[in-house]
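Following: one structure in structure tokens, then a few remarks.
These numbers come from a predicted model, not from an experiment.
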Amino acid sequence: MADFVAVIRHGRIGQAGHTQELYERPVDPAMAEFLATANLINGSVDGAVASTPLGTLPLRSGRTVWPGRPPP
């Protein structure tokens with residue numbers, strides 16, 4: 001794999017960047033599932049923590065949080 005990649009989706013660039021950035025911070029759930037096996041859970045964010053069915057989890061700076069409904 002290259003150091004810098006672009007993922008094309010529906011004829012447009014869905015996301016471009018360094019490989020580590022794409023894996024760690026995909027732009028949406030579909031990109032996360034395309035790039036790797038993704039475990040997505042619902043939760044609500046309050047400051048630096050997320051409340052989830054797994055409990056309260058700390059958020060790292062720069063992590064992606066997707067608002068709205070969960071993916072199908």
Side-chain angles (χ1 to χ4, degrees):
M1 185 164 291
D3 292 334
F4 191 89
V5 296
V7 178
I8 309 259
R9 185 168 53 188
H10 305 294
R12 298 181 187 265
I13 295 176
Q15 185 172 359
H18 294 282
T19 53
Q20 185 173 353
E21 176 186 347
L22 270 65
Y23 282 105
E24 291 182 357
R25 291 183 297 280
V27 295
D28 58 32
M31 188 67 66
E33 290 176 334
F34 174 77
L35 293 169
T37 301
N39 294 310
L40 306 174
I41 58 173
N42 291 325
S44 60
V45 175
D46 183 15
V49 297
S51 296
T52 75
L54 302 174
T56 302
L57 305 171
L59 297 175
R60 291 189 330 195
S61 176
R63 298 301 284 179
T64 301
V65 176
W66 297 300
R69 65 179 181 79

Minimum heavy-atom separation for L35 and P26, please, with both atom names. CD1-CB, 4.5 Å

State, to 0.1 Å, how close N42 and P53 come at their nearest heavy-atom pair, and which atoms those are. O-CD, 3.2 Å

With clusters built from Ile, Leu, Val, Met, Phe, Trp and Tyr whose side-chain heavy atoms come within less than 4.5 Å, directly or transitively, what are the remaining members of the cluster of L54, listed by chain and number? I41, L57

Output the distance between atom OH (Y23) and atom CD (Q20), rounded to the nearest 0.5 Å. 11.0 Å

Would you mind writing out the side-chain donor-acceptor pairs for residues 5-18 within the sub-3.5 Å range, not counting sequence neighbours?
unit_1 : atom_1 : unit_2 : atom_2 : d
R9     : NH1    : D28    : OD1    : 3.3
R9     : NH2    : D28    : OD2    : 2.8
Q15    : OE1    : V27    : N      : 3.0
Q15    : NE2    : R25    : O      : 3.1
H18    : ND1    : D3     : O      : 3.4

